[in-house]
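Side chains are part of it too, since the values below use all heavy atoms of this structure and drop only hydrogens, waters and symmetry mates. Proteins get letters first, then strands, A, B, ... in listed order; numbering begins at 1 in each.
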Amino acid sequence: MVGVVALSAGGCTSRNEPIGDRQTLHMVALPDLSRLEESVQVQLRERHAALDAKRADPSTPTTDLGTEYGEMGKLLMAAEFDDPAEASLLNAQALAPGDMRWPYYLGHLYSTNGDIPNAAAAFERVLRSAPDDVPTMVRLAEAALDQGRPDAAEPLFTKALSLQPRSVAAHYGLGRTALATQDYRRAAQHLDQALALDSTASIIHYSLAMAYRGLGDHRRAASHLQQRGTLQIQPDPLRKALDELLHSALNYERNADVAGNRGEWPAAAEYLRKAVALAPTRASPRHKLGTALFYMGDRRGAFDEFHEAVRLSPTFAAAHYALGVLHEEAGEHQQAIRSFSAAVGSDPVHVDARLGLADALRRSGRLDASLSEYERILKIDPGASKARFGYAAALIRLNRHQEAGDRVAEAMDLHPNELSFARMAARLFAASPDNRVRDGRRALAIAEALLGRQPRTIDLVETMAMASAEMGQYGAAVTWQREAIEAAGRIGRRDVVERLTDNLEQYQAGRPCRTPWRADEPIEF
Amino acid sequence: MVAALPRVYLRGLVLALGVASCSDRPVSDAAAHENTAPAGVEEWFTDRASEAGLDFVHFNGMSGRFYFPEAIPPGVALLDYDGDGDLDVFVAQGQMLGQQARSEALHPPQGPLKSRLYRNDLDVHVNRTRTLRFTDVTGATGIVVHGYAMGAATGDYDNDGCVDLYVTNLERSQLFRNDCDGTFTDVSRESGAEDRGWSVSAAFVDYDRDGWLDLFVGHYVYYTVEGDKPCLHSVSSLRDYCPPSVYRAQPDHLYHNNRDGTFTDVTTAAGMGREFGPALGVSTADFNGDGWIDIYVANDGQPNQLWINRRDGMFTNTALVAGAALGAVGEAKGSMGVDAGDFDHDGDEDLFITEIASEGHDLYVNDGTGVFEERAARARIRLPSLPYTGFGTAWFDFDNDGWLDILTVNGAVGHTAEALTRNEMFSLQQPKQLFRSLGNGQFADVTEHAGAVLKHPEVSRGAAFGDVDNDGDTDVVVANNSGPIRLLINNVGSGRHWVGVRVVGRHPRPSTRSGRPERAEGRDIVGARVGIVRATGPTLWRRARADGSYASANDPRVLVGLGDTAGIVKVRVEWPGGTPEEWSDVPVDRYTTLKEGEGR
């Protein structure tokens, strides 16, 4: 039986001095697990039992015992029991000093808790035995940045890069280091390189934007700000192993979220299936699994999971919303309306569900009902441009063109970068049957501006034709219309070709268009 | 692992980032400076709430259901409501949530639950010692706060010389007009400032420079008790407080003062309706140096907003491109408290924001044009702040050496796995932190030396900064969630020279209601910039302000430390929308009222 020394939490006990032998190990007692998920309890108890067995056997090699402590420590860390995790990892480090995993995980533990000096000490210990370990080098450099020491961080990142020239983390780190010293040129160089190596790590964009801003290149800065995201650089294998360690439904969900954010839907689905297996009565993993299957193209599978989610949790707004989306995509407006209504019934401020409801109502001809829903959305979120668009579209369908014109003009002011409003406005002003609304000059100006800001779509070309005709420029109108017809023909849209030909004949006869959208022509954002 | 961490400083070591043990901690120049305290002062701050009669204990309504609002309040306000020259205290109170009976509370409250106003009956004796005494005057003043209060903002919105009170709330904010006779009237509905929805921080601000205070109200999320969502701790699967991402953010509101006792909601007209997040902190200042007040909003878990005043009644959010929306690597952080101040003496307003544990607080350094760089790590703030979740905060010169320091009051918002498995329902306590400026753009965490009250772990939220005992240094009132109020009396600052000014407007415009008394000296002109011109060294710029921190309202007087420099100083005041003025021969070590129009 090994002797134990209780770890005093947070005191002056030297955390990184070698202990040396089994007589002076830290005690590792399991906390009260009774309130945890059953699967996690089992996992922790089994691991602890294995540790106990090895400890009790005097023939267990010291390094093997160290490994047992290390695995125990990892699991405790994954379960966020930090104090016993620390004790286990300290024991592992002492018993198996040549195994760099244990000080690495200690460093990660300290880092997670904001104890950067101890994290740095642990990472340094790793590098003493594994001086070329790039992930640890990167972690140590990051700790130096946290300490406001870019001068200490740079040589570490530089060495990491020399060992692994394609290390995204090293380039990213050097970029951040350069930013910290306002060396924007170097920062941009390294951050550009990091992005080139891993374009999915959207987190890089923000730092790159700051670098270009520092260089005075505001266009590039703005571009990167628009592309910024939260996807991190891929973690190193040791951290990845830790993230996947805990056999818990919530942990599998968490891993699925990370995979889903990266667009790795099959991996997300696999995690979620495990989550469902562990927690078959929880609706959330079902809903997320449905989402993953949807993105994998398995609509039937998605449907089934969403249905199961609402069966398990009838007020689960997100799942009702997802069903609504599927129904709407399939043109099943009534079912979509029911699902969206259920979603907003559970969560009145679920803007996406309410928008789905409003759009479904509009598409199924229930225009007045759609108007009230759009209004409610705009009260919840005045910035909801799609709701503003939908409202105007409903007014158009109700032939309330003057109100629609006012709304869309207001929307263009509020959302100057949202081209859908400009497109709607151009067409409305070009071809509305309401004299008070038509303004050919304005329509032409808007449409011409759009040509410079967006791809030349069939819709836009058709709008140019309408606006030209309204201005009496029938020759130009015919030219534009012919271009639209040709484009529609090229993509095999005979229905569109037919519709466009009707208007062509109008223009050829010197008559303007008075039907901005036909009844069967969608008005979409 | 929330136990106290050994503090290690690695100055002078380039690559060796290892830990020294507690017994051989290196002593460096910086360490020596940071520890310097006036002789004979053992505790830099002392809590005197109880002895002074501030007996308020906050109740958050917790019943084991982890309702989301429980972890958010309270805020506190310092205001001189009776115009007697000293600061009174208002503090927000909670209630049971939903239909729950008090008996279901984990810690049932004793006595009625009321937000309270305490009058400061400060006695300054001939020998300059002070007796602090507070009296609960809530009933006498007529302040009746409904429902679950969050925090407060202060400002004289009707220009009668008497500071008014705006109380933010989980459901319905209230505006209390100070009637200048020791009482308040609830004018929420008739004023148009009754703001529905969950508001936490608010600020009175004269954004259009017409001499009348308008009102900005930050909203958090859409929430009802009936729609409360159960959240599970990420690993333990046990119930815990939710993050704000579970709920939808609510738009903030800007109210324009119509100069007749009423306000008009101009949120949409001002261009502020389209961008918003779960707002927790608000600070108003002229960030781009164009003479017009801008508004900074700290959002919890979403990008912050920097509303730059376009001078035409509209605002543009430039936070993202200005580098003030996100953390250093582009992450949206759990921003709670915020304050603006010129910590580096370059004449512009820098921003300090408190964040969630493991994120590290942010220091946005202004280049003078409203463009910022995040420099918390270089300033040596990031590292010591990592273990803590910060709320109320402010730039203040606690030791009157002329350099702005920072205090953060802390308290977690979620539990550790270990706490939950032990069935602990409220293990959110954390110590406060005091960062002392080293005068070189860097700070030292001097909490260890500042007094037991700062090290005592509590669930702190609001903090109001002001000279409560009028002795020439800045004190702090701290509002604790589900805990007692603290009155941190500063014992060190008054040992150095200082200058205090109160900047007030011209005689108030005629009030639109006859018969109500007014105070002759005019209202505090919040937003005015005050420059202390010294014989040597750069001008020290400060700002008269009541906003900032978290859900709290500060002393609008400007108190500037002069270090060891005695003698009179020149003061320059830049009035919002008015002509700058100067006063020579402003005496030090006392407060002086500077009235608009009476300078040179």
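Contact check for A/Tyr206 versus A/His224: no side-chain heavy atoms found under the 4.5 Å cut-off. Contact of the A/Ile380 side chain with the A/Ile377 side chain is not registered, since no non-hydrogen atoms from C-beta on lie closer than 4.5 Å.
Proximity of a side-chain donor or acceptor of A/Asp217 to a complementary backbone N or O of A/Arg220 within less than 3.5 Å is detected. Between the side chain of B/Lys333 and the main chain of B/Glu359, a donor-acceptor pair closer than 3.5 Å is present. Judged purely by atom type and a 3.5 angstrom limit, A/His415 has no side-chain atom pairing as donor or acceptor with the backbone of A/Glu418. Looking only at distances, a side-chain donor or acceptor of B/Gln430 sits under 3.5 Å from a matching main-chain atom of B/Thr389.
Heavy atoms of B/Ala328 lying under 4.5 Å from chain A belong exclusively to its backbone. Contacts between A/Glu253 and chain B at a heavy-atom distance below 4.5 Å are absent for every atom of the residue. Interface remark: A/Tyr172 contributes side-chain atoms only to the contact with chain B (heavy atom separation under 4.5 Å). Heavy atoms of A/Ser346 lying under 4.5 Å from chain B are absent altogether. Within the 4.5 angstrom heavy-atom criterion, no atom of B/Tyr247 approaches chain A. For A/Leu33, no part sits under 4.5 Å from any heavy atom of chain B, backbone or side chain. Neither the backbone nor the side chain of A/Ile204 comes within less than 4.5 Å of any heavy atom of chain B. Using a 4.5 Å cut-off between heavy atoms, A/Ala249 makes no contact with chain B at all. When heavy atoms are compared at a cutoff of 4.5 Å, A/Leu246 approaches chain B solely by way of its side chain, counted from C-beta outward. Looking at A/Ala221, neither its backbone nor its side chain comes within 4.5 Å of chain B, counting heavy atoms on both sides. With a 4.5 angstrom heavy-atom cutoff, B/Leu326 touches chain A via backbone and side-chain atoms both. The part of B/Leu238 that comes within reach of chain A is its side chain, from C-beta onward, which places non-hydrogen atoms under 4.5 angstrom from that chain.
A salt bridge is absent between B/Arg196 and B/Glu171: the closest approach of a Lys/Arg side-chain nitrogen to an acidic carboxylate oxygen does not fall below 4.0 angstrom. Looking at B/Arg248 and A/Asp381, a side-chain N of the basic residue comes within less than 4.0 Å of a carboxylate O on the acidic one, giving a salt bridge. Using a 4.0 Å cut-off between charged nitrogen and carboxylate oxygen, A/Glu410 and A/Arg388 count as a salt-bridge pair. Ion pairing of B/Arg422 with A/Asp32 is absent here, as no side-chain N (NZ or NE/NH1/NH2) approaches a carboxylate O to less than 4.0 Å.
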Determine whether B/Phe352 and B/His361 satisfy the following criterion, ring pair (Phe, Tyr, Trp, His ring centres under 6.0 Å), listing intermediate values before the conclusion.
CA-CA 7 Å; B/Phe352 178 78; B/His361 302 329; 5.7 Å; yes

Yes or no on side-chain contact (heavy atoms from CB on, under 4.5 Å) for A/His108 and A/Met77, after CA distance, side-chain angles and deciding distance?
CA-CA 9 Å; A/His108 180 68; A/Met77 186 162 49; 4.2 Å; yes

Could you walk me through whether A/Ile203 and A/Leu231 pass the side-chain contact (heavy atoms from CB on, under 4.5 Å) check?
CA-CA 5 Å; A/Ile203 196 167; A/Leu231 291 184; 6.0 Å; no

Might you work through the side-chain contact (heavy atoms from CB on, under 4.5 Å) test for B/Thr408 and B/Ile406, ending with a clear yes or no?
CA-CA 7 Å; B/Thr408 70; B/Ile406 301 166; 4.0 Å; yes

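Residue with the most contacts toward chain A among B/Leu420, B/Thr268, B/Thr267, B/Asn423: B/Asn423 (heavy-atom pairs, distance under 4.5 Å). Contact tally against chain A (heavy-atom pairs below 4.5 Å) for B/Gln250, B/Glu373, B/Glu275, B/Glu331: the top residue is B/Glu373. Each of A/Pro84, A/Ala79, A/Pro31, A/Ser248 has some count of heavy-atom pairs under 4.5 Å with chain B, and the biggest count is that of A/Ala79. In terms of heavy-atom pairs under 4.5 angstrom with chain B, the leader among A/Leu36, A/Asp146, A/Thr112, A/Val40 is A/Asp146. Each of A/Ser207, A/Pro348, A/Pro150, A/Gly229 has some count of heavy-atom pairs under 4.5 Å with chain B, and the biggest count is that of A/Pro150. With chain B as the partner, the residue from A/Val351, A/Leu179, A/Thr315 showing the most heavy-atom pairs under 4.5 Å is A/Val351.
For B/Lys455, the NZ atom sits in a packed shell: over 12 heavy atoms of surrounding residues, nucleotides or ligands are nearer than 6.0 Å.
Using non-hydrogen atoms only and a strict 4.5 Å limit, the part of residues 220-233 of chain B facing chain A consists of B/Tyr222, B/Lys229, B/Leu232, B/His233.
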